[in-house]
Undergrad: 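Take this structure, written in structure tokens, and hold onto it; I'll ask about it next.
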Amino acid sequence: MPPMASTSLFIPVSFAPATAAAPARRSFSSHRSSPSTVPSVRLRRASSSLVVFASSSPPRSLDALIFDCDGVILESEHLHRQAYNDAFAHFGVRCPPAADAPLNWDEAFYDILQNRIGGGKPKMRWYFGENGWPSSKIFETPPSSDSDKEKLVDIIQDWKTERYKEIIKSGTVEPRPGVLRLMDEVRGAGIKLAVCSAATKSSVVLCLENLIGLERFTGLDCFLAGDDVKQKKPDPSIYVTAAKKLGVESKNCLVVEDSVIGLQAAKGAGMSCIITYTPSTANQDFKDAIATYPDLSNARLEDLKLLLQESLVTG
């Protein structure tokens, strides 16, 4: 098919960029810090080791660790893209309507799209709004009324979600390195554990049951999905809601995210955030994160406690 003009479009966003005043991002790969008993700490990257400095500031306790799902617990964006393209093909979605073949989001474009707009329905609304509402097997002519446009998006999203579930259930998907070990460390330490995802609840439930196991899933202290809040990330409402349900202060929560959208949601809720980036998010600006990791295989609970304490000191 001819190349989509949209793949070169700048995607406007409704959220404010991260502030420039935050400290430079800190990257961790293979080191591990030693546990410390000082009341609070300042951590500094010096050559290949962590240097710990005592501080008189009161310690900030880690009361809850909150995971995003897509990109954090599993690398999933390529799976979502496959499911969307399968849905577009199934319903014969042509955008623009005169296109010779169904819509197909290529990898480069989808990386941009998914890192700018959270949630599947908002992605489609934006795309169709920019490129023209499509013809399809659902509506032979492009929908013109708001109700028909929403019906189109709802039907495509529902089919896409079921297709995504089939991919997850295929047994070919595994959790990212370090996720299960860190979850077990947190639970063993008596710290509350939560998962907050912008994705559809049924698809997140399936992912968690298959990837972290039913026992870990049912043992979560809080689980929220996109269906549970009105606004998607980068709006902070999902994390604000989580803190209330957990019964903890936002400042004592640490969020694990993979993208700047999730980072902004966490910061907007008054929470500190670490990043475990994926190939599609590795080049984003994570200066507001208190640490970045290529994955969680070397992220230890004691390190995270120290990082949270340091974030209080450095403000």
Side-chain angles (χ1 to χ4, degrees), residues 1-17 70-71 75-167 197-200 203 226-227 230-235 258-262 264-265 278-285:
M1 63 178 284
M4 299 300 300
S6 62
T7 58
S8 62
L9 289 175
F10 172 73
I11 300 178
V13 293
S14 59
F15 52 89
D70 290 327
E75 285 194 30
S76 57
E77 294 309 329
H78 65 292
L79 306 178
H80 283 290
R81 185 175 71 87
Q82 177 185 337
Y84 277 117
N85 287 335
D86 289 349
F88 297 149
H90 177 78
F91 290 111
V93 175
R94 282 170 165 76
C95 183
D100 295 331
L103 176 62
N104 187 285
W105 283 339
D106 65 31
E107 182 177 354
F109 175 69
Y110 191 73
D111 275 353
I112 298 171
L113 182 65
Q114 64 97 7
N115 286 318
R116 297 279 184 159
I117 299 176
K121 292 182 182 181
K123 285 180 175 67
M124 285 191 283
R125 292 189 195 105
W126 176 85
Y127 187 89
F128 297 147
E130 289 292 311
N131 297 279
W133 285 82
S135 60
S136 65
K137 295 177 183 177
I138 303 167
F139 292 104
E140 186 174 340
T141 58
S144 56
S145 68
D146 289 343
S147 60
D148 283 348
K149 289 176 180 178
E150 284 304 298
K151 181 179 179 180
L152 175 73
V153 168
D154 287 345
I155 291 174
I156 295 173
Q157 183 67 27
D158 288 346
W159 195 96
K160 176 263 174 184
T161 297
E162 293 306 309
R163 175 65 183 125
Y164 181 74
K165 290 179 183 179
E166 291 176 1
I167 298 171
S197 171
T200 305
S203 67
D227 315 53
K230 293 182 179 179
Q231 299 296 323
K232 303 284 188 180
K233 301 173 186 178
D235 186 277
D258 70 303
S259 71
V260 72
I261 285 180
Q264 290 177 348
T278 67
S280 69
T281 65
N283 294 324
Q284 293 184 9
D285 183 359

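Throughout, residue positions are numbered sequentially from 1 according to the sequence presented. In this text, all values refer to a predicted model and were calculated from it rather than measured experimentally.
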Undergrad: What pair of heavy atoms forms the shortest contact from Ser203 to Thr161, and how long is it?
TA: CB-CG2, 4.0 Å
Undergrad: Do Tyr110 and Tyr127 make the cut of ring centroids closer than 6.0 angstrom?
TA: no
Undergrad: Please enumerate all residues that pass ring pair (Phe, Tyr, Trp, His ring centres under 6.0 Å) together with His78, with sequence neighbours excluded.
TA: none
Undergrad: Using distance alone, with no hydrogens and no angle criterion, decide if Gln114 and Tyr84 have a side-chain donor and acceptor under 3.5 Å apart.
TA: no
Undergrad: When you measure from the side chain of Gln284 to the backbone of Val260, do you find a donor-acceptor pair of N or O atoms at a distance under 3.5 Å?
TA: yes
Undergrad: Between the side chains of Lys230 and Asp235, is the shortest nitrogen-to-carboxylate-oxygen separation below 4.0 Å, so that they form an ion pair?
TA: no
Undergrad: Do the ring centers of Trp133 and Phe139 come within less than 6.0 Å of each other?
TA: no
Undergrad: Tell me the closest heavy-atom pair linking Pro102 and Ala89, and the distance in Å.
TA: CB-CA, 3.9 Å
Undergrad: Any salt bridge (Lys or Arg N to Asp or Glu O under 4.0 Å) pairs touching residues 76-93, not counting sequence neighbours?
TA: Asp86-Arg163
Undergrad: Looking at Glu150 and Arg125, is there a salt bridge between them, counting it only when a charged N and a carboxylate O are closer than 4.0 Å?
TA: yes
Undergrad: Under the salt bridge (charged side-chain N to carboxylate O under 4.0 Å, His left out) test, which residues partner Asp158, sequence neighbours left out?
TA: none
Undergrad: Determine yes or no for a side-chain-to-main-chain donor-acceptor pair under 3.5 angstrom, with Lys123 supplying the side chain and Gly118 the backbone.
TA: no
Undergrad: Between the side chains of Lys160 and His80, is a donor N or O closer than 3.5 angstrom to an acceptor N or O?
TA: yes
